[in-house]
Amino acid sequence: MSLPFSTTRSGTTITLSPKNPALQSGLIVISHGLGDTAEGFADVAQMIAKQMPHLKIILPTAPTQPVSMNMGMPMPSWYDITGLDERSNENCKGIHDSQKTLMDILKEEHSNTNLSYERMVLMGFSQGGALSLFTGMQLEKEQKLAGIVVMSGYLPAKSQFKITGGLEDVPIMHFHGQSDPMVQVGMATRSQEVVKENGAKNYQLKTYPGLVHSVNEDEIRDVQAFLEKVLPDDEAFRITLKDPSEMTVKELKTAIRNAEIGSKAVGFMEKSEFVRLLQDHRNGKL
């Protein structure tokens, strides 16, 4: 059976897009945990994309940098971690650079497709969940998201965290294992308390007995249910695509490759041929 999405890799970033990009009406950005890469959550992204083919999913990879908690060993990390106790958690060197990375992804999608921010979700695991929470609640008022998903995460750098006015009711769904030995469930409850004290009105925490620092099928189902609630398919929010006739040959070839219809372009020499093929694909004529 043909999958409803295409997968592309650019550098260390993985992107899953609807095969017909004109059907996209939402975006999820998934940030991995400490020491991992985008590949670590590619399988989860695929599960979501199969069930919600109207979503584009972007998985960036953190920069490789020394991590104090791991004896200075370089690894993919969104910011430095000196320890997981509340006091050490204030030392998050590099978090603002990674915050900007996520913000730039959202801005680029909005600029390129006119997708509303209210059709975007930040989601992450562990350190990536922490970054998603830290970033999502401090965007500009006009960039209010559909929601935030935190898996086995926490609130980092709480002294630097201030919820933007108007974002207090952004839905936050935090999932956490009760047997997590790395980011203990107490950090999850404390994070919920602090974020609510900062003004959040819609922060839910769900825990799973026996679950360690990982995800399981029950959690994935619950993540899916949350996403279906905050990002249901909606034709009113379909993205605005560049007219094929206004695209360069390079852009046309990229769009055709992403749509996995490259075999139909074999032997093409003229730009008009690529334009016609892409138009036919978007109009459902193939």
Side-chain angles (χ1 to χ4, degrees), residues 9-16 27-45 57-108 120-139 145 148-162 172 174-177 180-188 190-191 194-195 211-215 219 223:
R9 287 170 168 78
S10 177
T12 58
T13 297
I14 300 174
T15 302
L16 281 64
L27 172 74
I28 305 174
V29 181
I30 303 179
S31 300
H32 62 78
L34 177 67
D36 203 354
T37 68
E39 295 288 350
F41 265 77
D43 57 341
V44 172
I57 305 175
I58 299 177
L59 301 97
T61 293
T64 296
Q65 54 187 316
V67 176
S68 299
M69 188 177 70
N70 290 346
M71 299 178 292
M73 184 182 300
M75 62 185 63
S77 179
W78 296 110
Y79 50 85
D80 188 29
I81 299 177
T82 59
L84 290 177
D85 59 281
E86 190 166 349
R87 186 172 181 179
S88 298
N89 191 33
E90 287 299 318
N91 302 316
C92 300
K93 182 181 179 182
I95 194 170
H96 294 292
D97 291 335
S98 292
Q99 179 185 23
K100 184 177 184 302
T101 295
L102 296 192
M103 291 169 62
D104 286 348
I105 291 173
L106 301 178
K107 287 178 182 177
E108 183 175 5
M120 302 181 186
V121 164
L122 288 180
M123 168 175 164
F125 176 77
S126 193
Q127 189 191 43
L131 177 65
S132 298
L133 177 59
F134 186 83
T135 302
M137 297 302 287
Q138 298 190 98
L139 294 169
L145 300 177
I148 299 168
V149 176
V150 181
M151 297 176 288
S152 303
Y154 55 92
L155 175 67
K158 73 172 184 178
S159 65
Q160 304 173 51
F161 178 77
K162 184 177 181 180
I172 303 167
H174 188 150
F175 304 99
H176 215 101
D180 191 331
M182 294 185 64
V183 182
Q184 296 183 4
V185 70
M187 285 191 70
R190 179 58 180 152
S191 295
V194 172
V195 175
L211 181 63
V212 293
H213 196 62
S214 182
V215 298
E219 182 177 352
V223 168

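It should be emphasised that the depicted structure is a prediction, and the values quoted were computed from it without experimental measurement.
Looking at residues two or more places apart in sequence or on another chain, you find no side-chain hydrogen bond (donor to acceptor under 3.5 Å, both in side chains) involving Thr12. Looking at residues two or more places apart in sequence or on another chain, you find a side-chain hydrogen bond (donor to acceptor under 3.5 Å, both in side chains) between Asp180 and His213. Applying the side-chain hydrogen bond (donor to acceptor under 3.5 Å, both in side chains) rule to Asn70 yields no partners; only residues at least two apart in sequence or on another chain are considered.
Closest approach of Gly153 and Val183 over heavy atoms only: O-CG1, 3.8 Å. The two atoms that bring Pro60 and Ser31 nearest to each other are CG-OG, 4.4 Å, heavy atoms only. The nearest pair of heavy atoms linking Ile95 to Pro156 is CD1-CG, 3.6 Å. Residues His32 and Trp78 approach most closely at O-NE1, 2.9 Å, considering heavy atoms. Closest non-hydrogen pair, Val185 versus His176, comes out as CA-CD2, 3.9 Å. Here the shortest heavy-atom pairing between Ala42 and Leu59 reads N-CD2, 3.9 Å.
Proximity of Phe161 to Val195: side-chain heavy atoms (C-beta onward) are separated by under 4.5 Å at one or more points. In this structure, Ile148 and Thr135 have side chains that are not in contact, with every pair of non-hydrogen atoms separated by 4.5 Å or more. Looking at Val150 and Leu155, their side chains never come closer than 4.5 Å, going by heavy atoms from C-beta outward. For the pair Arg9 and Ile14, the minimum side-chain heavy-atom distance is below 4.5 Å. Between Asp80 and Val67, some side-chain heavy-atom pair lies under the 4.5 Å cut-off. Residues Met123 and Val223 have side chains in contact (heavy-atom distance under 4.5 Å, counting atoms from C-beta outward). When side chains are defined from C-beta on, Asp97 does not count as touching Tyr79, because their heavy atoms never get closer than 4.5 Å.
Surrounding CE of Met73 are at most 12 heavy atoms belonging to other residues, nucleotides or ligands under 6.0 Å away. Counted within 6.0 Å of CD on Gln65, heavy atoms from surrounding residues, nucleotides or ligands total more than 12; the atom is thus considered enclosed. Surrounding CD of Glu108 are at most 12 heavy atoms belonging to other residues, nucleotides or ligands under 6.0 Å away.
Here the options are Gln99, Lys100, Lys93, the test is side-chain contact (heavy atoms from CB on, under 4.5 Å), and the partner is His96; only Gln99 passes. When Ser152, Ser132, Ser98, Ser77 are each tested for a side-chain hydrogen bond (donor to acceptor under 3.5 Å, both in side chains) with Gln127, only one passes: Ser77.
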